[in-house]
Amino acid sequence: MISPLEKISLEALFKQPVMFDANIFMVGIENRPSDPNCAFENIEKLFLIPVFESFSNIIIHEKVYGELDEETKKFIDTYQNPKVQIVTENGLYGTDPLYTVIFNAIADHERVKYTRGHSKNQGEVYSLAYAAYNKISYFSSKEIMVDLLAKDLPELRDVEIITFDVIVLLSYLYYMKRKDVSNNKAFKSVYKRFCEDVIKRHRLPGTLSEYVKESIPYIG
């Protein structure tokens, strides 16, 4: 089992600045019209509340914020400064050599091929460049590409990707600490459904109960 929590416990992670990618807030959004379980109200309860109540310093790039639906933006807005920061590129591209090199390395990677001004992969590129330039050590994303980029690019060597299984774990524990088991069935389903890719890549246990058990040394 490979876990980013091997380097920092979950409890210690909560105290660190963490940059969030858009897909963490948009779990199941493509299924919302047809699947009631993916309704915003359910995602808000399962993940967003635990995430925003647990982390002390959440950083979101304006390019990511702009990709979110209005319900999610409204939720985030209730948590703004000091807990949540919406950050910008601040004119660094083309004026700061280090930032420009970092941005171009990410944008030009064969898995990305991003052109400035286009929307595809925009949030990931701007966010990763911001994290690397500003030495933000932890970046949370559900996107396979982000996890692979961090392993490929030397510019991202100091950025640890917090994969979606960790978000499921912290959310599950959030409710367990409150002796609330009403979401357990939903968490088991979400782990199986939305962590399938990271389960394979990081050799994680196939069920949530096994995963939680193996994660106990990393909780703190």
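Given the structure is predicted, the values throughout are model-derived calculations rather than measurements.
- The shortest non-hydrogen separation linking Ser9 to Gly220 is CB-CA, 4.0 Å.
- Val198 places none of its side-chain heavy atoms less than 4.5 Å from the side chain of Phe164.
- Counting heavy atoms of neighbouring residues, nucleotides and ligands inside a 6.0 Å radius, atom NZ of Lys83 exceeds 12 of them.
- For Phe139 and Phe20, the ring centers are positioned 6.0 Å apart or more.
- Following chains of ILVMFWY side-chain contacts shorter than 4.5 Å, one cannot reach Val18 starting from Val159, and the two form parts of different hydrophobic clusters.
- With rounding to the nearest 0.5 angstrom, the CZ atom of Arg111 is 10.5 Å from the CD atom of Glu143.
- Side-chain atoms of His118 do not come within 3.5 Å of backbone N or O of Lys120 as any donor-acceptor pair.
- With rounding to the nearest 0.5 angstrom, the CG atom of Leu149 is 6.5 Å from the CG atom of Leu128.
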Problem set entry | Test salt bridge (Lys or Arg N to Asp or Glu O under 4.0 Å) applied to Lys142 and Asp197, step by step | CA-CA 9 Å; Lys142 186 177 172 293; Asp197 61 319; 5.6 Å; no

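- Here the straight-line distance linking atom CD1 of Ile106 with atom OH of Tyr130 works out to 14.0 Å at 0.5 Å rounding.
- Between Ala12 and Ile8, the closest heavy-atom pair is CB-CG1, 3.6 Å.
- For residues 197-220, the pairs satisfying ring pair (Phe, Tyr, Trp, His ring centres under 6.0 Å) are Tyr191-Tyr211, with sequence neighbours left out.
- Within the 4.5 Å cutoff, the side chain of Tyr114 has no heavy atoms near those of the Asp108 side chain.
- For residues 88-99, every residue pair satisfying the side-chain hydrogen bond (donor to acceptor under 3.5 Å, both in side chains) rule, not counting sequence neighbours, is listed here: Glu89-Tyr99, Glu89-Arg116, Tyr93-Asn104, Asp96-Tyr133.
- Salt bridge status for Lys213 with Glu210: absent, with no side-chain N to carboxylate O gap under 4.0 Å.
- Hydrophobic cluster membership differs between Val51 and Met19, with clusters built from Ile, Leu, Val, Met, Phe, Trp and Tyr side chains linked at under 4.5 angstrom.
- Under a cut-off of 6.0 angstrom, the local environment of NZ in Lys192 is sparse, with at most 12 non-hydrogen atoms contributed by other residues, nucleotides or ligands.
- With sequence neighbours excluded, the residues that form a ring-ring contact (aromatic ring centres under 6.0 Å, His included) with Tyr126 are His61, Phe103.
- Listed for the Thr100 side chain is a donor-acceptor partner under 3.5 Å among the backbone atoms of Gly94.
- Within the structure, the salt bridge (charged side-chain N to carboxylate O under 4.0 Å, His left out) test picks out the following pairs touching residues 164-190 (sequence neighbours left out): Glu11-Lys177.
- The distance from the CG atom of Leu156 to the NE2 atom of His109 is 9.0 Å, given to the nearest 0.5 Å.
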Problem set entry | Derivation of the side-chain contact (heavy atoms from CB on, under 4.5 Å) call for Ile167 and Ser140 | CA-CA 8 Å; Ile167 300 300; Ser140 184; 3.6 Å; yes

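- Distance alone, capped at 3.5 Å, is enough to place a donor-acceptor pair between the Asp69 side chain and the Thr72 backbone.
- When each of Leu169, Ile219, Leu170 is tested with Leu5 by the rule side chain to side chain contact (heavy atoms under 4.5 Å, CB included), just one qualifies, namely Leu169.
- If you chain together hydrophobic residues whose side chains sit under 4.5 Å apart, Ile102 and Tyr138 never meet in one group.
- Cluster annotation: Ile136 and Val64 are assigned to distinct hydrophobic clusters (Ile/Leu/Val/Met/Phe/Trp/Tyr, side-chain heavy-atom contacts under 4.5 Å, transitive).
- Within the model, atoms CD1 of Ile60 and CG of Asp21 stand 10.5 Å from one another, a figure rounded to the nearest 0.5 Å.
- In this structure Lys74 satisfies the salt bridge (charged side-chain N to carboxylate O under 4.0 Å, His left out) test with no other residue, sequence neighbours excluded.
- For the side-chain hydrogen bond (donor to acceptor under 3.5 Å, both in side chains) condition, the pairs that include at least one residue of residues 45-55, sequence neighbours left out, are Glu53-Tyr79.
- The closest side-chain donor-acceptor pair between Asn57 and Gln85 falls under 3.5 angstrom.
- Looking at heavy atoms from C-beta onward, Ile24 lies out of side-chain contact with Ile162 at the 4.5 angstrom threshold.
- No side-chain N or O of Ser127 forms a donor-acceptor pair with one of Glu124 less than 3.5 Å apart.
- Side-chain contact between Leu204 and Cys195: absent, with no pair of heavy atoms (C-beta onward) separated by less than 4.5 Å.
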Exercise. Do Asn184 and Tyr175 pass the side-chain contact (heavy atoms from CB on, under 4.5 Å) test, and can you show the C-alpha distance, the side-chain angles, and the key distance before you say yes or no?
Worked result: CA-CA 9 Å; Asn184 284 11; Tyr175 286 106; 5.8 Å; no

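- Closest of all the heavy-atom pairs between Glu67 and Ala22 is OE1-CB, 3.4 Å.
- Taking the centre of each ring, Phe47 and Phe194 stay at or above the 6.0 Å mark.
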For this session: Could you please spell out the steps behind the side-chain contact (heavy atoms from CB on, under 4.5 Å) verdict for Ser171 and Leu46?
Result: CA-CA 7 Å; Ser171 301; Leu46 283 179; 5.9 Å; no

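- The shortest non-hydrogen separation linking Lys63 to Gly123 is CB-CA, 4.4 Å.
- Considering CG of Asn23 and CE of Met26, their distance stands at 8.0 Å, rounded to 0.5 Å.
- Contact of the Met145 side chain with the Val112 side chain is registered, since non-hydrogen atoms from C-beta on lie closer than 4.5 Å.
- Considering only heavy atoms from C-beta on, Pro205 comes within 4.5 Å of Glu214 through its side chain.
- Transitive grouping of hydrophobic side chains (ILVMFWY, heavy atoms separated by less than 4.5 Å) brings Leu13 and Ile58 into a common cluster.
- Under the 4.5 Å side-chain criterion, counting only non-hydrogen atoms from C-beta, Ile43 is not in contact with Phe25.
- The existence of a salt bridge linking Asp147 and Arg201 is confirmed by a sub-4.0 Å separation between a basic side-chain nitrogen and an acidic carboxylate oxygen.
- The closest side-chain heavy-atom distance from Ile161 to Pro4 is not below 4.5 Å.
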